[in-house]
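Labels below follow one simple rule: chain letters A, B, ... track the order of the sequence lines, proteins then strands, and each chain is numbered from 1. All values below come from the heavy atoms of this structure, side chains included, with hydrogens, waters and symmetry mates left out.
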Protein chains: 2
Amino acid sequence: MNLNPPQGMRDFYPEDMLFRNYLFDKWREISRIYGFEEFDAPIVESADLFRRKSGEEIDEQIYVFKDKGGRELALRPELTPSLARLILSRIKELHFPLRWFGIVQCFRYERAQKGRKREHYQWNVDIIGEESPIAESEVIAAAVNVMTGLGMTSRDFKVRIGHRGILHDILKYHECEMKYFNQICLALDKRGKIADEAIKEMLKSDGLPESEIQKIFKIMEIRNIEEIESIIDNKSTSLNNLKELFNLLEIYNLKDFIEFDIGIIRGLAYYTGIVFEGFDVERKYRAIFGGGRYNNLLQNLGGKDLPAVGLGFGDVVIKELLEYKNMELKTNAKPDIAIAFLSDNERDFAIKIAELIRKKGISTDLFLKPEKPKKIFSLCNKMKKRFVILIGENEKETGSVTIKDMNSGIQEEVAINDIIKKIAP
Amino acid sequence: MNLNPPQGMRDFYPEDMLFRNYLFDKWREISRIYGFEEFDAPIVESADLFRRKSGEEIDEQIYVFKDKGGRELALRPELTPSLARLILSRIKELHFPLRWFGIVQCFRYERAQKGRKREHYQWNVDIIGEESPIAESEVIAAAVNVMTGLGMTSRDFKVRIGHRGILHDILKYHECEMKYFNQICLALDKRGKIADEAIKEMLKSDGLPESEIQKIFKIMEIRNIEEIESIIDNKSTSLNNLKELFNLLEIYNLKDFIEFDIGIIRGLAYYTGIVFEGFDVERKYRAIFGGGRYNNLLQNLGGKDLPAVGLGFGDVVIKELLEYKNMELKTNAKPDIAIAFLSDNERDFAIKIAELIRKKGISTDLFLKPEKPKKIFSLCNKMKKRFVILIGENEKETGSVTIKDMNSGIQEEVAINDIIKKIAP
């Protein structure tokens, strides 16, 4: 019997769940604060949903299988197509702009590599039905608030913001050959991840002439919006759009968290305007979160055109980063009680004490058989219990219990009525 | 484009998520109180894990598919085999008895029928490593506490408790032919669900002689433990085991919630002793939850023998029952604020007010463009907002806001510093 999980998939032992729940709670709390409502869709969808256009080949990284009725099903690689389906299906009843979020598991058949997983959990935040970049700013503000809620500051991470339209404008200004647009995007996307020389080689082998490559590297040097203003037409809607977003984010007090980055491209084909990604400042890790505007998705699925902005924030990179930063989990440590008894005669009394404490909502672990004090304390120590309640013959007779504070080591006899006062003052 | 979810799978719109989160929170709260730790395992496991013995055919209700490496994967139909795998994989580091719970989605390829779903969420609670029925009583107490936490009383539901070993003893006493054991179990399981006549027909067509059928119906008349005591040997370990559980549950103050039921069988082959199921008293619905002792599972997976007790509690039947009982969701209604502005000039001021309120942890929806008051109030009414904060030219000038209490309809001007006091006193 192979005891490992399937390749690329994770087991969650209780210590792993502590972090997962801590992160999910933070995602949920910030979503609620920012007025987003939670939704979910099947983890298994019709494979057709993930074919953007009919007849298109399905991405080979998607897990696809057939049910007994011959229907082709897929494990969702992302939530957004399901979001679009749910919206289209109730387009007349829903109120727009609509703010929805989801915390869902997504699957990708990645080639087996160190650190590459085939599933992850992802927080999705979307605003559907608003053209103005205030939609982007609400979504970015939510993501930043999650990060700061996890203890990260503007010295730890930045949101790098780009714009597809501006890239187009700049390429046009430099008279780049637009037939190379995809290769250019790929080059920009690789910047900082692989050496510049390797990018040059890549572009060369794609057939780009040296002159084009030089232009691209010049474009990659652009560091701020002012530089762009000096080269492209001030009437560019894309540029005004981006400038408005930066103004808005200043009103949200997020100036320290944001940077313009011409190299933010995002892999998915459906983004239509502003795109952004959150990175640690050292750039040790892949993007922590990312998103942008996708105004065509609902139309592609056969619905009417609705402007949309979305964000995806996974559970893997943030965990690596928090571990690297040695950030402690600020879990709500509730008093954690163990109740033990020394002989079978005290078992029923111990149950009654356990039930009494549980009625107060306090986490109470009950030993299920008598044990010696030494073993009880050693186990409770390993299991990080806060208090141990010990019940022997003596306690049962006097109607009291012995409580050991596992932090201080102090042990005292406490009357039944005073137990709660002692353990949860 | 088909806008429906795949057959038998559910979409969760925000109103559906309200119930799902309410139920999950209750499950999590009671698990914590009873000292259980949360775990999870991949929703996709190796198909082998669900073949109980090597070479066995896989249940045809399980979704199975191959990955590109040719490995056979399965969408989990239940969590327990994964639980066993995780335990076996760390058997030396874990402390027993171990209390774990999970809240997970499971899949079964049910034939399409009204109300039959192909996925559901399930709360799993397990105690591994304890022989005594105190393990059963802890698990049953947790399930009852979830039910009462949802507002159900002993007049609404009962936990029906049976015992596989006792059934064996009784059949032996009546000299039933044990070669019919499976058919007898099936008959007991069908009791109350289909007419007695239909059960008789079923047994007849299975080849049982009339005399055997009569015995079985006599056994089905047994209503309490005393009747069993009068017919089978008092030295029956199974009987003593069951009597001990009933004594224990009385100490937990659960006497009103439990009943002996010889007909509780549970479909799964792996139960070895006490089995139980929770039913609404009217028996309008299928079992709300169910579980029992399974002492052989870890051994079957190639590990050492460890006694175990488990419970599964799904999200579908309980929802139907609560709806039938007209039980309201007691969700923690937090103040829900909408902020709107009357012209573009007040947008930035509105953003600042929104961020101010959000910093206090209050759920705040921000209108993303100016609207007329009438439209604002009509939308906020539909979206069940508690307070609407309105910002016009006047408010911006005086540095105040207009707050409308959507319950009372009262509208008043409030200084910025007094907003929180007003909406979250």
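When each of A:Pro5, A:Ala354, A:Ala141, A:Ser31 is scored by its heavy-atom pairs under 4.5 Å with chain B, the top score falls to A:Pro5. Taking chain A as the reference chain and counting heavy-atom pairs below 4.5 Å, the highest number among B:Asn2, B:Leu73, B:Asn4 is found for B:Asn4. Contact tally against chain A (heavy-atom pairs below 4.5 Å) for B:Arg20, B:Glu15, B:Arg71, B:Arg90: the top residue is B:Arg90. Chain A forms more heavy-atom pairs under 4.5 Å with one residue of B:Ser132, B:Ser89, B:Ser82 than with any other, namely B:Ser89. Of the residues considered (A:Ile362, A:Leu88, A:Asp11), A:Asp11 shows the highest number of contacts with chain B, using heavy-atom pairs under 4.5 Å. By number of non-hydrogen pairs under 4.5 angstrom with chain A, the leading residue of B:Leu368, B:Thr364, B:Leu248, B:Asp348 is B:Leu368. With chain B as partner, the option from A:Arg28, A:Glu138, A:Glu45, A:Glu119 having the largest number of non-hydrogen pairs under 4.5 angstrom is A:Glu138. Of the listed residues B:Asn253, B:Ile134, B:Ile357, the one with more heavy-atom pairs under 4.5 angstrom with chain A than any other is B:Ile134. Across A:Arg85, A:Glu29, A:His95, the residue that shares the most heavy-atom pairs under 4.5 angstrom with chain B is A:Arg85. Of the residues considered (A:Asp365, A:Ile251, A:Leu86), A:Leu86 shows the highest number of contacts with chain B, using heavy-atom pairs under 4.5 Å.
Among residues 33-43 of chain A, the residues having any heavy atom closer than 4.5 Å to a heavy atom of chain B are, in sequence order, A:Ile33, A:Tyr34, A:Gly35, A:Glu37, A:Glu38, A:Phe39, A:Asp40, A:Ala41, A:Pro42, A:Ile43.
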Before giving the answer on salt bridge (charged side-chain N to carboxylate O under 4.0 Å, His left out), spell out for A:Lys382 and B:Glu93 the whole-Å C-alpha distance, their side-chain angles and the decisive distance to 0.1 Å. CA-CA 11 Å; A:Lys382 278 182 201 147; B:Glu93 299 110 89; over 6 Å; no
Evaluate B:Met17 against A:Trp100 for side chain to side chain contact (heavy atoms under 4.5 Å, CB included), listing each step before the verdict. CA-CA 11 Å; B:Met17 282 308 286; A:Trp100 278 7; over 6 Å; no
Would B:Arg118 and A:Asp67 count as a side chain to side chain contact (heavy atoms under 4.5 Å, CB included) if you check the C-alpha gap in whole Å, the side-chain angles of each, and the deciding distance to 0.1 Å? CA-CA 11 Å; B:Arg118 289 180 180 176; A:Asp67 76 2; 4.0 Å; yes
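With a 4.5 angstrom heavy-atom cutoff, A:Leu379 touches chain B only via side-chain atoms. Heavy atoms closer than 4.5 Å to chain B are found in the side chain of A:Arg99, but not in its backbone. With a 4.5 Å cut-off on non-hydrogen atoms, B:Pro97 touches chain A through its side chain but not through its backbone. The contact between A:Leu75 and chain B is made entirely by side chain atoms (from C-beta outward), counting heavy-atom distances below 4.5 Å. For A:Lys359, the part sitting under 4.5 Å from any heavy atom of chain B is the side chain, from C-beta outward, and nothing else. Within the 4.5 angstrom heavy-atom criterion, only side-chain atoms of A:Ile127, from C-beta onward, approach chain B.
Here the straight-line distance linking atom CD1 of B:Ile91 with atom CG of A:Leu3 works out to 9.5 Å at 0.5 Å rounding.
Heavy-atom contacts from other residues, nucleotides or ligands closer than 6.0 Å to NZ of A:Lys352 number 12 or fewer. No more than 12 heavy-atom neighbours from other residues, nucleotides or ligands sit within 6.0 angstrom of CD on B:Glu60.
Every residue meeting the ring pair (Phe, Tyr, Trp, His ring centres under 6.0 Å) condition with B:Phe24, not counting sequence neighbours, appears here in chain and number order: B:Trp27, B:Tyr121.
Of the candidates A:Phe107, A:Phe65, A:Tyr109, A:Phe65 is the only one forming a ring pair (Phe, Tyr, Trp, His ring centres under 6.0 Å) with B:Phe65.
A salt bridge links A:Arg347 to B:Glu244: at least one charged side-chain nitrogen sits closer than 4.0 Å to a carboxylate oxygen.
Judged purely by atom type and a 3.5 angstrom limit, A:Arg32 uses its side chain to pair as donor or acceptor with the backbone of B:Gly361.
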